[in-house]
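Heads up, the thing below is written out as structure tokens.
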Amino acid sequence: MRIFRPLIRIATAALALAAFVLAPTLIEAASQSPVNVLAGGRVAIHGYDPVAYFVEGGPRKGRSELAVERNGARWLFSSAANRAQFEADPERYLPAYGGYCAYGVAQGYLVKIDPEAWTIVDGRLYLNYDRSISETWRKDVPGYVHKADGNWPRLIGKP
């Protein structure tokens, strides 16, 4: 049994690495939605309120009774006031790249996000895979934005 433990650990590590490497490709192939609805139910950005990042200084979970349909997704809001602000000026509050990981888009992939990994730069909300990736993103926002802007149309299937 002791002989198999190291082999099981190696196999588990190999599978985890393969999943991480292949996940962006699988997500890209499976979803060409212009909005990050990877959490399911056509709910954008894992059900977080995009306006809250701007007016409350961080992520807040939205409520299903305060939903707005836009771009084929359900956007949820934590308050009626936030929903009203979004409806009045959605382009101001929509996250860059449909709410996919901004760094991932810069690398050529549609990748899930952690709603806690975010930045607002020049009035635009950028979400990232996790806080570590968000730190990497912050080191060269203009460079990554340039790359992501170039990749975005191809990723969502628009020439």
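The chain is numbered in sequence order, starting from 1. FYI, side chains are in, hydrogens and waters are out, and symmetry mates aren't considered; it's all heavy atoms of this structure.
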Spatial distance of atom CD1 (Ile45) from atom CG (Leu38) [nearest 0.5 Å]:
12.0 Å
Taking side chain to side chain donor-acceptor pair (under 3.5 Å) as the test, write out the residues that go with Arg70, two or more places apart.
Glu91
Are Phe54 and Ile120 side-chain neighbours, meaning at least one heavy-atom pair lies under 4.5 Å?
yes
Under a 4.5 Å side-chain heavy-atom rule over Ile, Leu, Val, Met, Phe, Trp and Tyr, are Val43 and Leu110 clustered together?
no
Partners of Glu56 by side chain to side chain donor-acceptor pair (under 3.5 Å), sequence neighbours excluded?
Arg60, Asn82
By side-chain contact (heavy atoms from CB on, under 4.5 Å) - contacts of Ala117 (at least two apart)
Asp114, Asn128, Arg131, Ser134
According to a 4.5 Å side-chain heavy-atom criterion applied to Ile, Leu, Val, Met, Phe, Trp and Tyr, with indirect links allowed, do Leu76 and Val51 form part of one hydrophobic cluster?
no
Got a sec, which pairs hit salt bridge (Lys or Arg N to Asp or Glu O under 4.0 Å) with one end in residues 41-54, sequence neighbours left out?
Arg42-Glu69
By ring-ring contact (aromatic ring centres under 6.0 Å, His included), Tyr53 pairs with (sequence neighbours left out) Trp118
Just to verify, what does Tyr48 make a ring-ring contact (aromatic ring centres under 6.0 Å, His included) with, not counting sequence neighbours?
none
Side chain Asn71, main chain Ala73, donor-acceptor under 3.5 Å
no
Which heavy atom in Leu155 sits nearest to a heavy atom in Gly108, and how many Å separate them?
CD2-O, 3.2 Å
According to side-chain contact (heavy atoms from CB on, under 4.5 Å), who are the partners of Ser64, at least two apart in sequence or on a separate chain?
Arg74
Heavy-atom closest contact (Pro95 atom, Pro50 atom, distance)
CD-CB, 4.4 Å
How many angstroms lie between atom NZ of Lys61 and atom OG of Ser78, to the nearest 0.5 angstrom?
11.5 Å
Relative to the ring of Trp152, is the ring of Tyr100 parallel (under 30°), tilted (30 to 60°) or perpendicular (over 60°)?
tilted
Verify the ring-centre separation between Trp137 and Tyr103: is it less than 6.0 angstrom?
no
Under the side chain to side chain donor-acceptor pair (under 3.5 Å) test, which residues partner Tyr93, sequence neighbours left out?
Gln85
Of all pairs that satisfy salt bridge (Lys or Arg N to Asp or Glu O under 4.0 Å), the ones with a partner from residues 139-151, not counting sequence neighbours
none
Show the nearest heavy-atom pair for residues Gln107 and Tyr144, with the distance to one decimal.
NE2-CE2, 3.9 Å
What distance do Ile133 atom CD1 and Cys101 atom SG have between them, rounded to the nearest 0.5 Å?
6.5 Å
Using modelled atom types and a 3.5 Å cut-off, is there a donor and acceptor pairing between side-chain atoms of Asn36 and backbone atoms of Ala44?
no
Heavy-atom count around Asp89 CG within 6.0 Å, excluding the residue itself: above 12?
yes
Looking at Pro115, is its backbone amide N or carbonyl O close enough to the side chain of His46 to form a donor-acceptor pair, meaning the two atoms are under 3.5 Å apart?
no
With Val68 via side-chain contact (heavy atoms from CB on, under 4.5 Å) - residues at least two apart:
Phe77, Arg83, Phe86, Glu87
What closest approach, in Å, do Leu66 and Ala80 show between heavy atoms, and which atom pair accounts for it?
CD1-N, 3.8 Å
Those residues that, when tested against Arg124, pass salt bridge (charged side-chain N to carboxylate O under 4.0 Å, His left out) (two or more places apart)
none
